[in-house]
Structure formats: structure tokens, C-alpha cells
Amino acid sequence: MKFDDILETLESNDKILDFKLYKSQIPMYLVIRFTLLQSIINKEYNLTNPHVKEQKKSLLKTIVYILKTLQSNLFFAPKKNIYIFSSDILNVLNKGKYQNRLYNDLYQFTNEQSQLFEISSDFNYKSPKHSRVYSLDMILLLGKFCSIFGKRNEKDKKTIEKFLRYLSNIVELNDTQLKALQDLLVKQSKYLYIQYFFYKAFLKIKKPKVLILDCAHYGVYLPLIKIAKELNITISEYQHGYIGLAHPAYNFLPSIHDKIKGYFPEFFLTHGKYWSERVRIPGDKIEIGLSSLVKRLENKTSTSKKDKNILFISGGTTYTSLSVLIESVYEELNAMGYEIFLRPHPSEVSALKKRYSSLISKGVSLDTNSLYDSLNTFEIVISMEVSTVLFEAVCFTKKVYLMNTEYTNFYEPQNPFIGFNDSSSLIKFIKENKTIDHSSSYFWEMNWKTNYNKFLDMLNIRKA
């Protein structure tokens, strides 16, 4: 399966954008696009959703969550030129307090002009925080509450049926996929217009000049972007993770770019040229860099490296196959003197025992430390999934492995790492002391402060 073939099938005909939600006039395809594409990929490669749902919260925790949302709701935020919208899941513990690992430096660099907002993670807020952060959940809660009493629009009902029939005629979808898409569209048919109404009130009151939205190309901020552009507010997104030529959120068929640019950011701020060359979006791409990585490299010490340590990386979608791989090489690597570690995906935390108990009992250690502190202590990094962690690991070691599978070749047909086909070739390459050909500069732009300042200057927003 080739990703571009999927795009051609879905997006070569403009008609796919003609089916719109009645009140918001947002194309239904953009609402379900990422879910649709990812479901096709998941089905093809038998992937698991990395986001493990937590157990239902108690009444007390629910009340605490609602109170915290009310206390920190976005309407209480001060007026600033730059509003950054992120997620609480990106917070890491630093000196006893939580800070957003991706956006904290951008926020602090322009502190007088910026304000950080976050969506809760599983209806929970990590606290205490290093900086004042406001919650976006208020609009989500208001949207859900109002949609309970709103009637389903009959025009939407008929259009959804027509749209799903149209999709079924151009791409093969099973009943499970169709049901998921239908449920999402039914929910959003009432929900998006309510969000639009409250976002409009928020932006008119606060009057920011720039919005930096996490995951905007996934379609999660369609009503916010629509109203922001009507109000001439600049929209941008900062790269939060892996992107490539087959990433469903960051690659659109070029022929529809002009028709969808009103629903997506004008600017995409990437970590380097490597990444900018691997996205096809309607906005402009600007290389900024990854501040947290640059800062860590500036403080990197050569004495903390530990030989004979191997780190396996989990992306959460192929954890069963990863467990099989680790078990198949564990004894031989152990005999060679290596200590084996596994770093789970952040979304797997609530299911670690369920997923990895057999590995833990065998002697595999779980690594949940700060990513860069961890990478600086491992001689070898291995994964069965494409992840930014592999690209970041290049800054700390030249022994970075990615397994050659149909899935990884789908995302990275030109594997920049050490490719291996199975457990025996992995052991062979480790014994041969294999290293990669590329340096970190191939992936990462280092002058993030200068680049971010240039971006703000371009928008006539100067650093205080």
C-alpha cells in the first residue's frame, strides 16, 4: 500500500469537499479526514491505538476536575499577543513542578507577550505547574453541555448519509470503520458550531495577534481556525512529533491546498529542513528548531554515557510484536553483557503491567526518566516504529536501529537509521558495531531563538 495512492483516491475529486455541516459550513471530510486515513493504515498494518483509556473517574475526581477547569478557564487569561494552545499530556516533572516540554521555552522566551493554554489529559491536570497555565476544557465542556440539548439537524443527517455512501464508493471501508466515522460526524454536527460560538466570543474579548495551535493539521481546531481567520488572527502550528511523507495529518494532495487553506494554519514551524521537506500542506513551512533538544545538547556531558545499555522504544501501536522481538533477543544480548531497557509511549502508562509484565519478569527495566537524560546513557537505541525519539537519539549515539517492516517502510521508505529485518540480523549488526551515516544537523535546526525571533519579526511582533 502506498500513501499517495490513498490520497489520490480520496482527494483527486473536489466533490469530497462538497459535503458540509449545515451550521458551521465545515467540510465533513476535514472533520473525519485523520480518523479515516489512520483507520485505513491501522487496518492494513494491524496497528493498535497507542492511547490507552483510563478507568472511569470517581465522582470526587470528576468534581475536582470540574472545579479546576472553572478556576483556570481560558476566559480568565490575560490579554497577550501570542496564545499557545497545547495539551497537559506534554508536561514533564522538573524540580518538583510540571512544565510543558515542547512549548515552555517558546512561552518563556516571549513571556511578556505570550500565554500558554492546555487541554487536560484524561480529564486530569498535572500540578503544580512552573508557570501559570489556563485550561481550554471550558469550551469543550460548554460544547458538550449545550450539545446535549441541541437537536440533530435533519439536513446534517441526510448529508452525513450521502457523504458516507460517497466514501464507500471510492474507498473500501468495513462496517466498523463506517460506524466510527458516522458516530464522529453525528457528534461533531452539533458540537462544532457551539465551539465556534464560544471561540468567537473568546477571541473577540482577548484579541490575540497570533495563535500557535498544537495538532492543528489533525483537524481538531477547525472552528477556532475558521473564526480566527475571519478576525485576521495569524494561525501557526509548531511541530510536536514525527512527520513524514506518509503522515496522514501533514500530507494533503496539492490540488486541494487552495480549497482547504481556510481551515488550516498559515505557518508550520518545524524542527529542521529534513521535516519541512516531508510535509505537503497548504501553509508555509519555517524551520525553527527544538529548544529542549538544543538546551540539552548544550549541557551534554561525555561522562554520562554507559556502554552495554540498550533502549527499546515503544510507540504503542505494535507493542505485541515489540515484546516478541525483545524476548527473542534478550538471552543473547544478556549473554553479551548488555542491560535491556524499554521506554513505553506516554499514552501507555496506565497499561504498563498489562502490556509488559512478561518482559519485566524476565529482567527488562522500564525507562520513564526524562527523555534526554535517558538517551545520554544508552549505547544503542532500537525501535519497530518510526518515532522522533530515534531522530533525537542521533544527537547522543550513532547506533540507532529501525526494523524494516511493511509498516516502517510505508512511513520511511529511505530509512536513515540502521535497518534490520529480524532478530538474527539485529544481533549480527550489534556484534559488528554498526553505526549510522547521518549527523544530527541533518535533522535538527540549532538556532531556535534566532529563528523564532525572525518569525515574530515577520509578523511585526517583537520579543519584549
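If you're wondering where the values come from, they're calculated on a predicted model, not measured in any experiment.
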Do [X] and [Y] get their side chains close enough for a donor-acceptor pair, meaning under 3.5 Å?
X: Y238; Y: T270; value: no
X: E385; Y: T318; value: yes
X: N453; Y: T450; value: no
X: K61; Y: N124; value: no
X: T405; Y: T408; value: yes
X: Y338; Y: E332; value: no
X: S131; Y: Q108; value: yes
X: E392; Y: Y372; value: yes
X: T234; Y: E266; value: no
X: D214; Y: Y103; value: yes

Kindly indicate whether a cation-pi arrangement holds for R280 with F252, taking the cut-offs as under 6.0 Å to the six-membered ring centre and within 45° of the axis.
->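 Judged by the rule (NZ or CZ under 6.0 Å from the ring centre, within 45° of its axis), R280 is not positioned above F252.
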Y134 six-ring face occupied by R132 cation (under 6.0 Å, within 45°) |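 Positive - R132 is close enough to the ring of Y134 and near enough to its axis.
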Regarding [X] and [Y], does a basic nitrogen lie under 4.0 Å from an acidic carboxylate oxygen?
X: K179; Y: D183; result: yes
X: R296; Y: D373; result: yes
X: E379; Y: K398; result: no

Option from D137, L136, N100 for which side-chain contact (heavy atoms from CB on, under 4.5 Å) with E118 holds = N100
Please identify each residue that fulfils side chain to side chain contact (heavy atoms under 4.5 Å, CB included) with L60, with sequence neighbours left out.
-> S58, V64
Passing option when D88 is tested against R101, K68, K129 for salt bridge (charged side-chain N to carboxylate O under 4.0 Å, His left out) |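 Going through R101, K68, K129 one by one, the salt bridge (charged side-chain N to carboxylate O under 4.0 Å, His left out) with D88 is satisfied by K129 alone.
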Distance-minimising heavy-atom pair for Y356 and P344 | CE1-CB, 4.4 Å
Taking the ring centre of each residue, are [X] and [Y] less than 6.0 Å apart?
X: F420; Y: F429; result: no
X: W448; Y: F109; result: yes
X: F202; Y: F75; result: yes
X: Y411; Y: F3; result: no
X: Y125; Y: Y65; result: yes
X: Y45; Y: F410; result: yes
X: F378; Y: F396; result: no
X: F117; Y: Y83; result: yes
X: Y218; Y: H247; result: yes
X: W275; Y: F391; result: yes
X: H217; Y: F268; result: yes

Could you go step by step and tell me if F267 and F455 meet the ring-ring contact (aromatic ring centres under 6.0 Å, His included) rule?
-> CA-CA 10 Å; F267 301 102; F455 171 65; 5.5 Å; yes
Residue among T368, D367, N309 satisfying side chain to side chain donor-acceptor pair (under 3.5 Å) with S374 | D367
Mind checking whether H240 and Y250 have parallel, tilted or perpendicular rings, split at 30° and 60°?
-> tilted
Under 3.5 Å, is there a donor-acceptor pair between the side chain of [X] and the main chain of [Y]?
X: Q239; Y: L269; result: no
X: S387; Y: S383; result: no
X: E348; Y: H345; result: yes

